[in-house]
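Worksheet: the structure to be examined is printed underneath.
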Amino acid sequence: MHNFPLRGITVVVTGTKITTSILSKVHSLGGEALAYPLIDTKEIIEPYDHIQIQMARNLDWLIFTSQNAVKVFIDKLRRNSVKPTEFKGKIAAVGKKTAELIEYHGFQVNFMPSVYSADVFVKEFPAIAGNNPRCLFVRGKKAKDTLKKGLPFRIKEWNVYETVENLATVDPLIHLIQTVERPIIIFASPSAVDVYAKHIAPVIKERNVKYAAIGHITEAALHRNGLDVTYKPKTYTMESVIEEIVKKEDANQ
């Protein structure tokens with residue numbers, strides 16, 4: 001491997017959760033790392049939040065598939081003076097970062113699917129959940145119905161946040177793509193892909209852009225919008241996609 005395999009390459013991260021460690025990692029490999037979040041989240045606050053929390057305290061399972069859901073859920077607990085120790089049930093989480101965040105706030109994760117995606121979750125979760133478990137899926141308003149439709153038992157759903165377009169980054173990202181040679185744009189959610197396909201792709205058209213997808217659902221969203229995926233790691237983490245980019249770019253040098 002070359003010392004700086006990403007020299008001369010600009011990597012763009014588009015999600016809401018952008019950690020400085022990832023940007024620093026790209027820089028250490030010789031690349032330029034920039035954050036252009038195409039989506040943002042907004043908490044859904046309802047007058048009956050306290051009722052939902054009280055109900056959740058006595059269920060068998062709480063399910064989280066995103067860090068955003070965890071963050072908003074914890075915020076709601078704090079506002080209602082409820083502690084993690086008051087919950088009797090178990091925790092299921094999709095994704096290493098999601099699991100780490102919920103455990104950081106005092107919960108214990110009891111189940112994670114072998115692949116960090118909802119469709120794998122519905123295949124593996126029933127074996128550990130037991131018969132007719134009482135489950136609550138803490139989710140974003142626009143989350144897909146994969147769990148609700150795929151699990152062999154009924155689950156309750158609680159929409160705690162909604163995903164909105166972050167249009168403030170659209171024009172700056174268009175300008176970047178038009179002025180930088182061969183940028184690599186990383187997507188970690190279909191929502192970010194949708195914003196890009198709607199507002200940016202029609203403007204830049206056939207410029208020399210490469211796309212990276214974290215997860216096969218995000219990859220499918222890119223393909224659905226006519227965008228080819230160059231980098232698709234087997235492990236669905238930001239660290240893995242950087243490793244995949246390094247592997248392919250290093251081979252090309």
Given the rule that I, L, V, M, F, W and Y join up when any side-chain heavy atoms are under 4.5 Å apart, are Val164 and Ile200 in one cluster?
no
Could you grab the distance from atom CG of Asn225 to atom CZ of Phe187, nearest 0.5 Å is fine?
9.5 Å
Validation row, ring centre Phe73 to ring centre His105 under 6.0 Å:
no
Between Val138 and Leu136, is there a side-chain heavy-atom distance shorter than 4.5 Å?
yes
Can a donor-acceptor pair be found between the side chains of Tyr236 and Thr218 at a distance below 3.5 Å?
no
Quick check against the 3.5 Å criterion: does Glu103 have a side-chain atom that pairs as donor or acceptor with the backbone of Val109?
yes
Under the salt bridge (charged side-chain N to carboxylate O under 4.0 Å, His left out) rule, what pairs show up with a residue in residues 40-56, not counting sequence neighbours?
Glu43-Lys76, Glu43-Arg79, Asp49-Lys76
Below 6.0 angstrom between ring centroids: does that apply to Phe111 and Phe121?
yes
Test of understanding: clusters of I, L, V, M, F, W, Y form through side-chain heavy atoms closer than 4.5 Å, transitively. Do Ile217 and Phe64 belong to the same one?
no
Which atom pair, heavy atoms only, marks the closest approach of Pro113 to Ala93?
CD-O, 3.3 Å
Please check if any side-chain donor atom of Asp119 sits under 3.5 Å from a side-chain acceptor atom of His216, or the reverse.
yes
So CD1 of Ile155 and CD1 of Ile63: to nearest 0.5 Å the spacing works out to 5.0 Å
After noting the C-alpha distance and the side-chain angles of Ile74 and Arg78, does the key distance pass the side chain to side chain contact (heavy atoms under 4.5 Å, CB included) rule?
CA-CA 6 Å; Ile74 295 299; Arg78 287 172 174 166; 3.7 Å; yes
Would you kindly confirm whether Ile44 and Leu62 end up in one hydrophobic cluster when ILVMFWY residues are joined by side chain heavy atoms under 4.5 Å apart?
no
NZ of Lys142 to NZ of Lys144, rounded to nearest 0.5 Å, is 11.0 Å
Would you list the pairs meeting salt bridge (charged side-chain N to carboxylate O under 4.0 Å, His left out) in which at least one residue belongs to residues 26-35, sequence neighbours left out?
none
Using the side chain to side chain contact (heavy atoms under 4.5 Å, CB included) rule, take Thr98 and Thr65 through it: C-alpha gap first, then chi angles, then the decisive distance, then the call.
CA-CA 7 Å; Thr98 301; Thr65 62; over 6 Å; no
Are there more than 12 heavy atoms of other residues, nucleotides or ligands under 6.0 Å from atom CG of Asn132?
no
Mind listing the closest non-hydrogen atom pair of Ala56 and Phe87 along with its distance?
O-CD2, 3.7 Å
Any Glu181 side-chain heavy atom under 4.5 Å of Ile9 side chain:
no
With side chain to side chain donor-acceptor pair (under 3.5 Å) as the criterion, how do Tyr116 and Thr235 come out once you've worked through the C-alpha distance, each side chain's angles and the decisive distance to 0.1 Å?
CA-CA 8 Å; Tyr116 304 154; Thr235 303; over 6 Å; no
State, to 0.1 Å, how close Thr14 and Ala192 come at their nearest heavy-atom pair, and which atoms those are.
OG1-CB, 3.9 Å
With a 3.5 Å cut-off and no angle check, do the side chains of Glu124 and Ser114 form a donor-acceptor pair?
yes
Using the benzene-type ring in the case of Trp, are the ring centres of Tyr196 and Tyr211 under 6.0 Å apart?
yes
Given side chains that start at C-beta, do those of Lys141 and Tyr161 come closer than 4.5 Å, heavy atoms only?
no
Under a 4.0 Å N-O cut-off, is there an ion pair linking Glu162 with Arg139?
no
Any heavy-atom pair between the side chains of Thr169 and Pro37 that's under 4.5 Å?
yes
Do the non-hydrogen side-chain atoms of Lys97 and Leu101 ever get within less than 4.5 Å of each other?
no
With Lys156, which of Met55, Lys148, Arg134 fulfils side-chain contact (heavy atoms from CB on, under 4.5 Å)?
Met55
List the steps and the verdict of side chain to side chain contact (heavy atoms under 4.5 Å, CB included) for Val11 and Leu34.
CA-CA 6 Å; Val11 177; Leu34 300 168; over 6 Å; no
Distance-minimising heavy-atom pair for Val72 and Val160:
CG1-O, 3.3 Å
Which heavy-atom pair separates Ile128 from Asn110 by the least distance, and what is that distance?
CD1-O, 4.0 Å
Kindly compute the distance separating CD1 (Ile214) from OG (Ser117), expressed to the nearest 0.5 Å.
13.5 Å
With a 4.5 Å heavy-atom cut-off, do Gln178 and Val203 have their side chains touching?
yes
Under a 4.0 Å threshold between the charged nitrogen and the carboxylate oxygen, would Lys234 count as salt-bridged to Glu244?
no
By the definition side-chain hydrogen bond (donor to acceptor under 3.5 Å, both in side chains), identify the one residue from Gln52, His50, Arg57 that meets it with Gln54.
Arg57
Output for pair (Lys232 NZ, Ser240 OG), nearest 0.5 Å, gives 15.5 Å
When every non-hydrogen atom of His199 is compared with those of Ile174, the smallest separation belongs to O-CD1, 3.8 Å
Hey, are the side chains of Val120 and Val94 touching, using non-hydrogen atoms and a 4.5 Å cut-off?
no
In one Ile/Leu/Val/Met/Phe/Trp/Tyr side-chain cluster, 4.5 Å: Ile45, Ile53
no
Working to the nearest 0.5 Å, report the span between CD1 of Ile184 and NZ of Lys248.
10.5 Å
As a quick check of understanding, evaluate side chain to side chain contact (heavy atoms under 4.5 Å, CB included) for Asn166 and Leu38, giving each step before the final call.
CA-CA 5 Å; Asn166 184 15; Leu38 292 174; 5.6 Å; no
Using a 4.5 Å cut-off on heavy atoms from C-beta on, say whether the side chain of Ile186 contacts that of Val12.
no
Using the test ring pair (Phe, Tyr, Trp, His ring centres under 6.0 Å), find all partners of Trp61 that sit at least two apart in sequence or belong to another chain.
Phe125
